[in-house]
Amino acid sequence: MLDRTAHPNTRIMLEAWRRMDQAPVEEVSGNTGATEPSALIQNIFVLREAGPESWTFRTAGEAITTFFGKQISDEDFMDLWLGADRSLAGSVITAVTAEGGPGLIRARGETLTGRQLQVEIALAPLPSPPGTSRRLLGHYQPLGGEALATGPLWRHIITEIRAPQRTVKRPHLRLVSSND
């Protein structure tokens, strides 16, 4: 579902996540570096669960630092959102972690001067060893707007959400016949 509507860079990130999710770590780390565009890496980030309804940036690419005008490591991802948008973003994270599949948030980022930048934020779960914080792989893709060169973004307003596809559990039926 996300593949048809997402930005091409977001689709590349999601495809890399699927390969990483399906292959052992040794295979992924040795093979993917040469084929992925380096510009994509600058928009990637990792979130870690820091408490109830708190997801902090663990790492973030250089482009994300430029968009926000500061280092965002250890900043709370949920602080990007105000009011109802905070709950919507939290719902997407809950769905991503519960379903084990990627979700997508489209939003409008705003600067303090009112300039706007349309963005697409993809989130996908990362495997976490038992007893450690859950983590999410993210991709922050600008879609265009007037804020690209005018200053740091300080808040986001959600315009669209694409939740992960739910896996449908099929009932296991057995056919039993009797000739009595």
Side-chain angles (χ1 to χ4, degrees), residues 1-17 36-99 101-126 133-165:
M1 176 172 90
L2 297 178
D3 290 335
R4 293 187 303 262
T5 61
H7 186 277
N9 287 347
T10 304
R11 291 194 305 249
I12 291 169
M13 187 282 284
L14 292 174
E15 182 56 36
W17 171 80
E36 303 302 326
S38 61
L40 187 68
I41 302 296
Q42 296 177 3
N43 292 3
I44 293 210
F45 60 91
V46 174
L47 299 176
R48 76 171 159 239
E49 188 174 29
E53 300 180 30
S54 179
W55 289 82
T56 58
F57 286 94
R58 185 169 179 222
T59 60
E62 291 176 26
I64 297 171
T65 301
T66 303
F67 292 132
F68 293 104
K70 63 180 181 176
Q71 278 291 344
I72 59 170
S73 294
D74 296 323
E75 300 264 339
D76 193 349
F77 176 77
M78 300 306 291
D79 288 344
L80 298 178
W81 316 100
L82 301 173
D85 290 331
R86 188 176 179 94
S87 297
L88 287 172
S91 295
V92 171
I93 289 175
T94 300
V96 165
T97 57
E99 293 298 326
L104 190 71
I105 298 173
R106 288 206 178 100
R108 184 176 63 244
E110 294 183 352
T111 67
L112 288 171
T113 59
R115 303 265 186 190
Q116 299 177 354
L117 176 66
Q118 301 297 321
V119 297
E120 181 175 83
I121 302 168
L123 299 169
L126 289 171
S133 299
R134 294 183 293 178
R135 298 176 304 145
L136 298 174
L137 177 65
H139 181 259
Y140 191 91
Q141 178 63 51
L143 299 175
E146 53 192 3
L148 280 172
T150 61
L153 299 172
W154 73 281
R155 74 171 178 182
H156 290 74
I157 298 165
I158 292 178
T159 58
E160 182 180 354
I161 290 176
R162 298 287 175 138
Q165 281 189 313

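All residue numbers in this chain count up from 1 along the given sequence.
Arg86 contributes a side-chain N or O that, together with a main-chain N or O of Met78, makes up a donor-acceptor pair within less than 3.5 Å. A distance-only check finds a donor-acceptor pair linking the side chain of Trp17 to the backbone of Pro125 [under 3.5 Å]. A donor-acceptor pair under 3.5 Å links the side-chain atoms of Thr94 to the main chain of Gly90, judged by distance alone.
Between Thr59 and Ser73, the shortest heavy-atom contact is CA-OG, 4.3 Å. Closest heavy-atom contact between Leu47 and Phe45: CG-CE1, 3.6 Å. Across all their heavy atoms, Ile44 and Ile64 have their closest contact at O-CD1, 3.8 Å. The minimum heavy-atom distance linking Arg134 with Trp55 is given by the pair O-CZ3, 3.5 Å. Taking both residues in full, the closest heavy atoms of Trp81 and Ile158 are given as CZ3-CG1, 3.4 Å, listed atom of the first, atom of the second, then distance. In terms of heavy-atom proximity, Pro102 sits nearest to Leu14 at CB-CD2, 3.5 Å.
Put simply, OG1 on Thr10 and CD on Gln141 are 5.0 Å apart, with the number rounded to the nearest 0.5 Å. Summarising the geometry, atom CG belonging to Leu80 is positioned 6.5 Å from atom CD1 belonging to Ile121; distances are rounded to the nearest 0.5 Å. Between atom CH2 of residue Trp154 and atom OG1 of residue Thr111 there is a gap of 9.5 Å, rounded to the nearest 0.5 Å. One finds the CD atom of Gln116 at 5.0 Å from the CD atom of Glu110 (value rounded to the nearest 0.5 Å). Rounded to the nearest 0.5 angstrom, Glu120 CD and Thr159 OG1 are separated by 9.5 Å. Atom CG of Leu117 sits about 11.5 Å away from atom CZ of Arg108, to the nearest 0.5 Å.
Residues Asp74 and Arg58 are not paired through a salt bridge, judged by the lack of any N-O separation under 4.0 Å between the basic side chain and the carboxylate.
The number of heavy-atom neighbours closer than 6.0 Å to CD of Glu160, taken from other residues, nucleotides and ligands shown, is above 12. Within a 6.0 Å sphere centred on CD of Glu53, other residues, nucleotides and ligands contribute 12 heavy atoms or fewer.
Side-chain contact between Leu40 and His139: present, with at least one pair of heavy atoms (C-beta onward) separated by less than 4.5 Å. Using a 4.5 Å heavy-atom threshold, the side chains of Leu88 and Asp85 count as touching. Side-chain contact between Asn43 and Pro142 is present, with heavy atoms from C-beta onward closer than 4.5 Å. Counting only heavy atoms from C-beta outward, the side chains of Phe67 and Pro152 never approach each other to under 4.5 Å. Side-chain contact check for Val46 versus Leu136: every heavy-atom pair is 4.5 Å or farther apart.
Between His156 and Phe68, the ring planes are tilted. Angles from 30° to 60° get that label.
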Could you go through the side chain to side chain donor-acceptor pair (under 3.5 Å) check for Ser54 and Asp76 one step at a time? CA-CA 6 Å; Ser54 179; Asp76 193 349; 3.3 Å; yes

With side chain to side chain contact (heavy atoms under 4.5 Å, CB included) as the criterion, how do Arg155 and Asp79 come out once you've worked through the C-alpha distance, each side chain's angles and the decisive distance to 0.1 Å? CA-CA 8 Å; Arg155 74 171 178 182; Asp79 288 344; over 6 Å; no

Working note: Val119 + Leu143, criterion side chain to side chain contact (heavy atoms under 4.5 Å, CB included); need CA distance, chi angles, decisive distance, verdict. CA-CA 5 Å; Val119 297; Leu143 299 175; 5.7 Å; no

